[in-house]
Amino acid sequence: MPELPEVETIVRGLRACLPGRRVEEVVVTQPAILRTPLAQFADTLTGARITAVTRHGKHVLLELSRRSRAGARAWWIVHLGMTGQFICARDGQNHPPHTHAWFPLEGGDVLRYTDVRRFGRMEATSEGAGGIPAVLAALGPDPLEIDAADFAARLRARDARVKALLLDQRFLRGMGNIYADETLFRAQVHPAAAGRRLSRARALRLWAAMREVLAEAIERGGSSISDYVDAGGRPGSFQDLHRVYGRTGEPCVTCGARVRRSIVAGRGSAWCPRCQKK
DNA sequence: GTCGATGTTATCAA
DNA sequence: TTTGATAACATCGA
């Protein structure tokens, strides 16, 4: 659920409420969500001021005022997994079920982390040589930043299926199952087509479709299928514009053929058998 | 009650 | 290097 557009929407919401605020307290009731030992995590965050909130792929990056002895900036990195919610709430007392951590802020609000399936993770770390924490170094380029020629060249250098590549965070950071399927449909590319088998023109079309889908989804505040809400607890509306995802068996909006669903690269994939040829 | 599916990634084996 | 299978978890619906 929280793919690039959802995380971007959450980050924009957090930016309206977090920068400049100090973390007064760290409460973690489910330490398994942490990649950093609890004591170290709490030490890093407690009393620190949040100076900036950014997105890196599907990760939320909170820059902290604190610095390590070596002078490196500290970061709080959050990945929401499949069902994670990161909400800036007024009510610091009544937490919904599956709330595993919360962070009272100076001035009264509480930043709250809720995650039904507990696939999400958070950690406290410090910047690497490039200014961004080393844990994020292995991720590929951002789908909204990579240029068309570069994308086409990288795609066509690979034997793997396009769907697998779009979902591979080392190939591109931020795409997930919904936006991969919606991108492939708009570009009229079969999810199981091999990267190398795509013409340059089709690879470029895929790039354009990807940007278009992501931009529209961000504009609509993301897709709310089951759990996703933004930093204010509000759902997005891009699910109303899905053309294949969640429409299995329904007529293709372009040609009327029944939308199919099959497993490609281990992931459920929805596609139109008539519009999306290999 | 059981089974299978659900948006995530990490890990292991071939 | 790449790929596929599996596990982590809770919920929902058949």
Side-chain angles (χ1 to χ4, degrees), chain A residues 1-10 29-36 55-60 77-86 96-101 113-123 133-140 143 154-185 191-197 213-214 217-218 220-230 235-242 244-249 260-271:
Chain A
M1 151 191 48
E3 306 179 26
L4 187 153
E6 288 77 27
V7 179
E8 180 65 27
T9 303
I10 288 168
T29 57
Q30 181 61 258
I33 66 169
L34 300 179
R35 287 200 183 293
T36 310
R55 177 184 64 77
H56 196 81
K58 299 176 190 174
H59 300 263
V60 178
I77 303 178
V78 182
H79 191 295
L80 298 167
M82 274 172 86
T83 55
Q85 300 178 335
F86 209 27
H98 307 291
T99 296
H100 308 308
Y113 179 80
T114 305
D115 184 3
V116 172
R117 288 182 66 183
R118 291 197 237 159
F119 287 175
R121 293 289 181 268
M122 61 177 67
E123 65 190 287
V135 286
L136 304 177
L139 298 180
R154 293 188 67 221
L155 192 71
R156 298 177 70 222
R158 297 286 296 270
D159 286 320
R161 287 164 292 188
V162 186
K163 169 95 181 208
L165 290 172
L166 291 179
L167 292 177
D168 183 349
Q169 302 300 298
R170 290 162 306 186
F171 182 76
L172 280 180
R173 58 175 195 256
M175 295 289 282
N177 210 27
I178 295 174
Y179 298 103
D181 280 1
E182 291 297 315
T183 294
L184 288 162
F185 174 78
R196 208 179 291 284
R197 297 283 310 275
V213 165
L214 294 174
I218 290 170
R220 287 281 203 136
S223 302
S224 291
I225 304 293
S226 58
D227 300 83
Y228 167 69
V229 290
D230 68 14
S237 67
F238 191 69
Q239 67 280 2
D240 298 338
L241 300 185
H242 290 174
V244 284
Y245 185 85
R247 296 194 65 248
T248 306
R260 281 193 53 183
R261 190 177 171 88
S262 61
I263 303 296
V264 178
R267 304 293 298 277
S269 304
W271 49 285

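All values derive from a computational prediction rather than experimental measurement. A, B, ... follow the sequence lines: proteins, then strands. Residue 1 opens every chain.
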Classify A:Gly266 by what it touches in the nucleic acid, base, sugar-phosphate, or nothing, heavy-atom distance under 4.0 Å. nothing
Is there a Watson-Crick or G-U wobble partner for C:dC9 with both distances under 3.5 Å, and which nucleotide is it? none
Between atom CZ in A:Phe171 and atom P in C:dT1, what is the gap in whole Å? 17 Å
Tell me which nucleotide among C:dC9, B:dT6, C:dA10 gets nearest to the side chain of A:Val116. C:dA10
Interatomic distance, A:Leu172 CG vs B:dT9 P [rounded to whole Å]: 12 Å
Would you classify A:Tyr228 as touching base, sugar-phosphate or nothing, given that sugar-phosphate means primed atoms plus P, OP1 and OP2, and contacts are heavy atoms under 4.0 Å? nothing
Which distance, rounded to the nearest 0.5 Å, do you find between the CG of A:Leu214 and the CE of A:Met175? 5.5 Å
Quiz question: going by heavy-atom distance under 3.5 Å, is there a donor-acceptor pair between the base of B:dT6 and the side chain of A:Arg117? yes
Whole angstrom is fine here: how far is it from CG in A:Leu167 over to C1' in B:dG7? 11 Å
C:dT2 and B:dG7, which share atom name C1', separated by this distance in whole Å: 24 Å
Indicate, with a heavy-atom threshold strictly under 4.0 Å, whether A:Asp159 touches base, sugar-phosphate, or nothing. sugar-phosphate
Report the base-pairing partner of C:dA14 (Watson-Crick or G-U wobble, both distances below 3.5 angstrom), or none. B:dT2
Please check the phosphate of C:dA10 (OP1 and OP2 only) for any side-chain N or O of A:Arg118 closer than 4.0 Å. yes
Can you identify which nucleotide, out of B:dG7, C:dA8, B:dT9, has its nearest atom closest to the A:His79 side chain? B:dT9
Using a heavy-atom cut-off of 4.0 Å across all strands, would you classify A:Glu3 as base, sugar-phosphate, or nothing? sugar-phosphate
Just how far, in rounded Å, is P of B:dT9 from NE2 of A:His59? 7 Å
A:Arg196 atom CZ, over 12 foreign heavy atoms within 6.0 Å: yes
Taking atom types as modelled, is there a side-chain donor on A:Tyr113 or A:Gln30 under 3.5 Å from an acceptor on the other? no
Phosphate oxygens OP1/OP2 of B:dG7: is one of them under 4.0 Å from a side-chain N or O of A:Lys58? no
If I take atom CZ in residue A:Arg170 and atom C1' in nucleotide B:dT9, what distance separates them, rounded to the nearest angstrom? 11 Å
Please confirm whether the shortest side-chain N or O distance from A:His98 to OP1 or OP2 of C:dT11 is below 4.0 Å. yes
Which part of the nucleic acid does A:Arg158 contact within heavy-atom distance under 4.0 Å: base, sugar-phosphate only, or nothing? sugar-phosphate
Distance, nearest 0.5 Å, that separates CZ of A:Arg55 from OG1 of A:Thr9: 9.5 Å
Kindly point out which of C:dT3, C:dC9, B:dA10 is positioned nearest to the side chain of A:Ala160? C:dT3
From B:dT6, B:dG7, C:dT11, nucleotide with atom closest to A:Ile178 side chain: B:dG7
Quickly work out the A:Asp227 CG to C:dC12 C1' distance and round it to whole Å. 11 Å
Do A:Thr99 and A:Thr114 have a side chain donor and acceptor closer than 3.5 Å? yes
For the pair made of CG in A:Leu80 and C1' in B:dT9, what is the distance, rounded to whole Å? 13 Å
Length of the line joining A:Glu182:CD and B:dG7:P, which is rounded to integer Å: 13 Å
Name of the residue among A:Ile178, A:Thr183, A:Leu184, A:Asp181 meeting side-chain contact (heavy atoms from CB on, under 4.5 Å) with A:Val213: A:Thr183
